[in-house]
Amino acid sequence: MIERLKLANVGPAQEMELEFAPRLNVFTGDNGLGKSFILDIAWWSLTRTWPAEIGHKLTTGLKAFPYSDRKNEAAIEALLLDDSQKKFGFASKYNHHIQGWDSKWEPQSWKIKNPGDPKRPGLAIYVMSDGSFAVQDYHRNPIYWPWQIPKKAEEQGPFAAMKDLATMTSATAFVFNAHEVWNGLDAGDISGERWILCNGLIRDWAGWQKERGEPFEYLKSVLKELSPPNHPPIVPGKLTRVSLGDVRDMPTVKMPYGQEIALVHASSGLKHILALAYLLVWTWHEHKIAAELRGEETASSITFLIDEIESHMHPSWQRKIVGSMLKVAKILNEDIDVQIIATTHAPLVMASIEPLFDDRQDAWFDLDLEDSEVVLSRREFEKQGDANNWLTSEAFDLSSPVSEEAQIVIKEARMLLDKKDTATADEVWAVHKKLAKTLPYDSDFLSTWRYFWKKQGYMQ
Ligand SMILES: Nc1ncnc2c1ncn2[C@@H]1O[C@H](COP(=O)(O)OP(=O)(O)O)[C@@H](O)[C@H]1O
Ligand SMILES: [Mg+2]
């Protein structure tokens, strides 16, 4: 889990500092103000990897590049919690010579009592906006600190089985582009052998379904929790085939209209959730196996970083997703602590948080442009009552939830109302025609407008 971040001369603002809440952290802000950037930095702090440096086809999760020229030192400091809730952290400066981030063990901004040995945060899953995912599991990805990177294969200690540096793809984290989540993650040929890091959703789901074991039970429960409301839950159907050329058994899901559709034919919203559900189950299942093989405990915490949490979802689903994400990891392990760091552009997501938001364990951060500078603030979470009110709140800063045209005409109409009887009948009728075109007949504003001009004798 991550507790604090402090950035200097990197990203959209010269300085940024934030203290994460232990459970839910939501980020709002206009496009381009740094929401995804903050997730990238949080992910890097948790895992010491930039997803795009591992998965070369990613268009998100790029290494952070310093804000300005070499005169201003760029620095990232992070304070984290290891899996036994002990604090640890680091300070990192951008080294222009190597074009990368180096590290000092202790952050300068915060004192850590008895830092002890370098620790590792719990499990982390990053859901990026381009449909790619990253997973880090300290039992399976041995390298966190840069100095742990072995110079030679023999120095890999308990991970000697990873006999070649080419396996570095899995030494630090698993990174999947949208295609690899479905079809598998392959480390390529290493000394003549093909290394498969992950079978991918299609093969694993089909395999789990045939085994009828624990992972399939987990998968069904996770899918149920993540299902859209007002629909039957997402339920796996029979395995099928979708092409003569593809010998894989293809999983299906039952649709509310009675068909069982192949997963590859699912809608974007459903595919996004299927991928997330699968990766969560895969991460936990493989983590448990790895813990057993190593004779160690399983993780007690998981951090989800989710960019644009409402991606591809209908409003009714948007209204449920945050609550579901808070619950879903508990299906795998009841005692696991869950931290969520999510961004959103959806007023309904904010409205949906109202009943569950708890100041002691949740936080809302908002990015704004003030005097041409990006400012990050932790805002007090006040209930707005509905999505319209969220649209006009500090979260989204709209002056009105109506169409831009309606807003302009209403402004014009208000000016005429202020002029009262000095307005001419022609002026009133010209605005009236525009109002009637943009607003519904029974809108409150149109009723007030009609009533006023009738009283003035301008209308019948
Ligand atoms: N890898 C990076 N290195 C340095 N700055 C970045 C990086 N990625 C994004 N930024 C900065 O963050 C800004 C906002 O990008 P982003 O986080 O994608 O916005 P959004 O709030 O829409 O998610 C960019 O305009 C750029 O200033
Ligand atoms: Mg973004």
Side-chain angles (χ1 to χ4, degrees), residues 2 5-18 20 25-78 92-96 98-102 126-134 173 175 177-178 268 272 304-313 318 321-322 340-347 349-350 363-379 394-398:
I2 184 161
L5 268 182
K6 191 173 172 185
L7 315 179
N9 298 311
V10 57
Q14 228 157 348
E15 304 270 328
M16 244 187 218
E17 187 166 356
L18 64 160
F20 292 94
N25 297 271
V26 190
F27 285 82
T28 54
D30 207 342
N31 287 105
L33 295 189
K35 299 181 298 301
S36 304
F37 171 76
I38 291 172
L39 292 198
D40 288 344
I41 300 282
W43 168 263
W44 178 74
S45 305
L46 282 159
T47 68
R48 301 301 306 240
T49 69
W50 303 107
E53 290 209 325
I54 300 176
H56 298 295
K57 288 186 180 155
L58 265 61
T59 55
T60 51
L62 272 68
K63 176 171 80 181
F65 202 71
Y67 167 72
S68 53
D69 55 36
R70 303 172 57 149
K71 279 182 284 188
N72 295 309
E73 197 164 61
I76 302 173
E77 287 180 80
S92 181
K93 293 204 170 102
Y94 193 75
N95 180 333
H96 289 270
I98 61 160
Q99 292 282 296
W101 294 87
D102 60 17
Y126 187 7
V127 184
M128 286 165 270
S129 60
D130 66 348
S132 49
F133 291 82
V175 175
N177 63 33
S268 307
H272 189 65
F304 286 112
L305 300 111
I306 312 173
D307 206 3
E308 299 177 12
I309 191 162
E310 70 280 3
S311 265
H312 312 293
M313 287 178 178
Q318 294 180 8
I321 188 65
V322 175
I340 294 182
I341 306 175
T343 73
T344 186
H345 289 294
V349 164
M350 295 307 285
W364 163 35
F365 298 93
D366 189 29
L367 285 153
D368 280 303
L369 202 57
E370 288 173 14
D371 301 326
S372 310
E373 280 189 32
V374 174
V375 180
L376 172 74
S377 0
R378 181 170 175 164
R379 299 232 186 256
E394 283 163 329
F396 302 101
D397 299 307
L398 258 68

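Residue numbers start at 1 and run along the sequence shown. Just so you know, ligand 1 is whichever comes first in the structure, and atom 1 is the first atom listed for that ligand.
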Legend entry - Expected output: side-chain Asn177 to main-chain Lys57 donor-acceptor under 3.5 Å: no

Legend entry - Glu17 atom CD: more than 12 heavy-atom contacts under 6.0 Å: yes

Legend entry - Close approach, Leu33 and ligand 1, non-hydrogen under 4.0 angstrom: yes

Legend entry - Under 3.5 Å donor-acceptor, Lys63 side chain and Ala52 backbone: no

Inset, instruction - Give a yes/no answer: is there an N/O/S atom of Thr60 under 2.8 Å from the Mg ion (ligand 2)? - result: no

Legend entry - Protein contact to atom 3 (N) of ligand 1 [nearest heavy atom, distance to 0.1 Å]: Phe65 N, 2.8 Å

Inset, instruction - Answer yes if the side chains of Tyr126 and Asp307 hold a donor-acceptor pair under 3.5 Å, and no otherwise. - result: no

Inset, instruction - Among all protein heavy atoms, pick the one closest to atom 1 (N) of ligand 1 and tell me residue, atom and distance. - result: Lys63 O, 2.9 Å

Legend entry - Side chain, backbone, both or neither: Asp40 near ligand 1, heavy atoms under 4.0 Å: neither

Legend entry - Nearest-contact summary for atom 8 (N) of ligand 1 - protein heavy atom, Å: Phe37 CD1, 3.8 Å

Inset, instruction - Could you tell me the residue and atom name of the protein heavy atom closest to atom 11 (C) of ligand 1, and the distance to it rounded to 0.1 Å? - result: Pro12 CD, 3.8 Å

Inset, instruction - Among all protein heavy atoms, pick out the one at the shortest distance from atom 5 (N) of ligand 1; state its residue, atom name and that distance to 0.1 Å. - result: Gly11 CA, 3.7 Å

Legend entry - Closest protein heavy atom (residue, atom, distance) for atom 14 (C) of ligand 1: Gly32 O, 3.2 Å

Legend entry - Any Gly29 heavy atom less than 4.0 Å from ligand 1: no

